[in-house]
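The sequence lines fix the lettering, A, B, ..., with proteins before strands; numbering per chain opens at 1.
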Amino acid sequence: MLRLHDTATGTVRPFELRDPGRVSMYVCGPTVYEVPHLGHGRFTLVFDVLRRYLTFSGLEVLHVSNVTDIDDRIIERAAREGRTEREVAGEYEATWWAAMDALGVLRPTVVPHATGYIPGMVELIGDLVARGLAYEIDDGVYLQVDMVEGYGLLAHQPLESLRAGARVEASGQKRSPLDFALWKKAKPGEPTWPSPWGEGRPGWHTECVVMSLDLLGDGFDLHGGGQDLIFPHHENERAQAVVEGRAFARHWMHNGWVTAGGEKMSKSLQNFTTIDDLLARGDPRAYRLLVVRSHYRSPIEVTPETIATAGKGLARLDALARRLSLDDPMAGGDVVRDEAVAAAPGGVEQDAVTRFREHMDDDLDTAAAMALVFELVNAAHAAADDGDTTAARRLGGTVAILCGALGLRLRGEVGEVDERTQRLVGERDEARRERDFARADALRDELVAAGWTVEDGPDGTVVRR
RNA sequence: GGCGGCGUGGCCGAGUGGUUUAGGCAGGGGCCUGCAAAGCCCCGUACAGCGGUUCGAUUCCGCUCGCCGCCUCCA
């Protein structure tokens, strides 16, 4: 039984599903106005790992994640670059999916776009206005938060203390600085949709509540995102559901920051690294390993050094796959299901799979799960050294399945070796046969200089990049 | 001002009221190897500080210090 930390209660508690066997989860997606950075990479990886683990556990997962394709920042960028909002959103959405694909993050089951749900949002807002819970002023329609039962549940602060700490002044007409925009009236030149309050566009918080309830239904299982979405975004989504009398998310899950130099990675601090930078520097799987090596609620420090360290751990996993010629459990698709455990060619280390599940069920303790995997790696090598091929393959196969369950695909192949390199390798084998070690060493230097890793095994020299 | 998180061996990073160790990376010794690489074996006795509870605390409680975050857009 999976237990997860729930932001609403502040406790780790059983993840109880609305419909047995089926998981409905909504994860707030990107506003497509800029290239994604490592913070986006982390939250998508965290929820990808959750989704994969749920799938591995035999559950059917309906994963909805939105794209916010109309927003102030998109409008600003379009204006600055003399383009349409559609062009800007289209470009950055394409960039987003390219990054996700490179990271091995599964596409959500459904990807609603804000611009596709505007009538439903208008309907919701209209209802709130009609019932006296929202009010219209010059620049838009606002929800009156002091009408909301339990406002501050997710922030873990009562309304009064939130109000006392508010850093923004109430705009003249707002009844409280905490009241938030459900509908924003258009300024000249902005893209608009019709509404009873004039041309305009919906507020961000209204998008997600409408789309999540529409696609997943009342009382869906899990709502997630980065911790910075807790307040006000998720609080305000919940507020709308509450006043509408609709059961909202049963469980709230939020991941920790990516930090750089100890500080939160963010646009405003200019300390962010884009996912493209990461991809240019190395294997994207190293980032997944870095993410799963710590707990999802802990901050992670991401620097070239920490990524490089993760890359070495990854190399250790790949080396095992290579040595044992492990089958790829994801070969038949992009996910590893629990059937893979029974179908593993060499069998699995059943006890290890059980322990893996115990770690994962404990609020997704991927760090402990990976420690277990590395223990198996060690045991597999030791068995192989002892000549116990059966045990080695069973252990190694388990490693591949458990890594696969976390979305980490091992690379057992050495990659393409060009003709010239192949010739040098042949020459080196020949020199070694003739015990001409000076020449063998010179050839190795040449190969290393060309970027190859050279390993002499019982069957001669093997090179890889 | 309010609320919350964190402080673990050289670095990263789990975990636990006591007994046998997380794990990775780096480092030292050994085995293997022509030499390497990879791999294996062995090696670190750490839990910010100060009190308290306890037979016993890194692990619970309180306080102090330090760092980070939320209360505005933010993954």
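- The aromatic ring of A/Phe437 is stacked on the base of B/G34, with the two ring centres less than 5.5 Å apart and the planes inclined by under 30°.
- Rounding to whole angstrom units, OH of residue A/Tyr151 and P of B/G2 are separated by 20 Å.
- Of all nucleotides listed (B/C12, B/A75, B/A14), B/C12 comes nearest to the side chain of A/Arg293.
- A/His381 places its NE2 atom 14 Å from the C1' atom of B/G24, with the value rounded to the nearest Å.
- Under 4.0 angstrom from either OP1 or OP2 of B/C40 there lies at least one side-chain N or O belonging to A/Arg316.
- Where A/Ala382 and A/Pro158 each meet RNA chain B at their nearest nucleotide, the meeting point lying more 5' is that of A/Pro158.
- What separates CH2 of A/Trp257 from P of B/C70 is a distance of 6 Å, to the nearest Å.
- Partner assigned to B/G23 is B/C12, using Watson-Crick or G-U wobble distances below 3.5 angstrom.
- When the C1' atom of B/A37 is taken as reference, atom CH2 of A/Trp452 falls 16 Å away, rounded to whole Å.
- Among the candidates A/Arg3, A/Arg297, A/Arg13, the single residue satisfying the salt bridge (Lys or Arg N to Asp or Glu O under 4.0 Å) test with A/Asp363 is A/Arg297.
- The separation between A/Ile307 atom CD1 and B/C25 atom C1' is 15 Å, rounded to whole Å.
- The base of B/C35 sits with one of its N or O atoms less than 3.5 Å from a complementary donor or acceptor on the side chain of A/Asp456.
- One donor-acceptor pair, N or O on each side, does fall under 3.5 Å between the base of B/A36 and the side chain of A/Arg444.
- Across all strands shown, B/C6 forms a Watson-Crick or G-U wobble pair with B/G66, both key distances being under 3.5 Å.
- For the pair A/Leu402 and A/Ala352, the tightest heavy-atom approach, listed with the atom from each and the gap, is CD1-O, 4.5 Å.
- Here A/Thr309 does not reach the OP1 or OP2 of B/A26: none of its side-chain N or O atoms lies under 4.0 Å away.
- Between B/G13 and B/A48, the two P atoms lie 15 Å apart (nearest whole Å).
- Closest non-hydrogen pair, A/Gly150 versus A/Glu235, comes out as O-OE2, 4.2 Å.
- Sparse packing is recorded around CZ of A/Arg420, with 12 or fewer heavy atoms of other residues, nucleotides or ligands lying under 6.0 Å away.
- One can place CG of A/Leu269 at 14 Å from P of B/A75, the figure rounded to the nearest angstrom.
- For A/Glu263, the listed nucleotide lying nearest its side chain is B/G69; candidates were B/G69, B/A14, B/G34.
- A distance of about 9 Å separates the P atoms of B/G24 and B/C40, rounded to the whole Å.
- Going from the C1' atom of B/A46 to that of B/U16 covers 14 Å, rounded to whole Å.
- Counting any heavy atom pair closer than 4.0 Å across all strands shown, A/His359 reaches no nucleic acid atom.
- For A/Phe374, the listed nucleotide lying nearest its side chain is B/G24; candidates were B/A14, B/C73, B/G24.
- Here A/Val258 lies in heavy-atom contact (under 4.0 Å) with a base.
- Within the nucleic acid shown, A/Pro36 has no heavy atom closer than 4.0 Å to any nucleic acid atom.
- Taking atom P in both B/U19 and B/C11, the straight-line distance is 24 Å, to the nearest Å.
- Note: CG (A/Leu372) to P (B/G24) measures 12 Å, nearest angstrom.
- Using a 4.0 Å heavy-atom criterion, one finds that A/Gly262 contacts the sugar-phosphate atoms exclusively.
- Between the C1' atoms of B/U21 and B/A14, the separation comes to 13 Å (whole Å).
- For the 3.5 Å distance criterion, the side chains of A/Gln144 and A/Ser176 fail to qualify, holding no donor opposite an acceptor.
- Looking at heavy-atom distances under 4.0 Å, A/Arg439 makes no contact with the nucleic acid at all.
- Across all strands shown, B/U53 forms no Watson-Crick or G-U wobble pair with both distances under 3.5 Å.
- Taking 4.0 angstrom as the limit, A/Lys264 places none of its side-chain polar atoms (N or O) nearer than this to OP1 or OP2 of B/A75.
- A/Glu375 comes within 4.0 angstrom of the backbone, heavy atoms only, and of no base.
- B/C35 atom C1' lies 9 Å from atom CZ of A/Arg432, rounded to whole Å.
- Defined by atom type and a distance below 3.5 Å, a donor-acceptor pair is present between the side-chain atoms of A/Tyr26 and A/Asn66.
- Taking every heavy atom of both residues into account, A/Phe15 and A/Met1 meet most closely at O-CE, 3.5 Å.
- Distance noted for atom C1' between B/G23 and B/G9: 14 Å (whole Å).
- Between A/Leu290 and A/Ala319, it is A/Leu290 whose nearest contact on RNA chain B lies nearer the 5' terminus.
- In this structure, A/Lys312 does not reach the B/C12 phosphate: none of its side-chain N or O atoms is under 4.0 Å from OP1 or OP2.
- Taking atom P in both B/G10 and B/G44, one finds a spacing of 14 Å when rounded to whole Å.
- Within the nucleic acid shown, A/Gly41 has no heavy atom closer than 4.0 Å to any nucleic acid atom.
- Among the protein residues, A/Arg297 comes within range of no part of the nucleic acid, since none of its heavy atoms lies under 4.0 Å from any strand.
- Scanning atom types as modelled, no donor and acceptor separated by under 3.5 angstrom connect the side chain of A/Arg73 and the base of B/C73.
- Side-chain proximity of A/Glu455 to B/A37, B/C70, B/A22: nearest is B/A37.
- Within the nucleic acid shown, A/Thr44 has no heavy atom closer than 4.0 Å to any nucleic acid atom.
- With a 3.5 Å ceiling on both atom-pair distances, the Watson-Crick or G-U wobble partner of B/G39 is B/C31.
- For B/G23, neither phosphate oxygen OP1 nor OP2 lies less than 4.0 angstrom from any side-chain nitrogen or oxygen of A/Asn378.
- Residue A/Ser266 is out of contact with every strand shown, counting any heavy-atom pair closer than 4.0 Å.
- Annotation: A/Phe47 is not in aromatic contact with A/Tyr296 [ring centroid separation under 6.0 Å not met].
- Across A/Ala181 and A/Tyr142, no two heavy atoms sit closer than the pair N-CD2, 3.5 Å.
- For a distance-only test at 3.5 Å, the side chain of A/Asp441 qualifies as a donor-acceptor partner of the base of B/G34.
- Separating the P atom of B/G29 from that of B/A38 is a span of 16 Å, rounded to the nearest Å.
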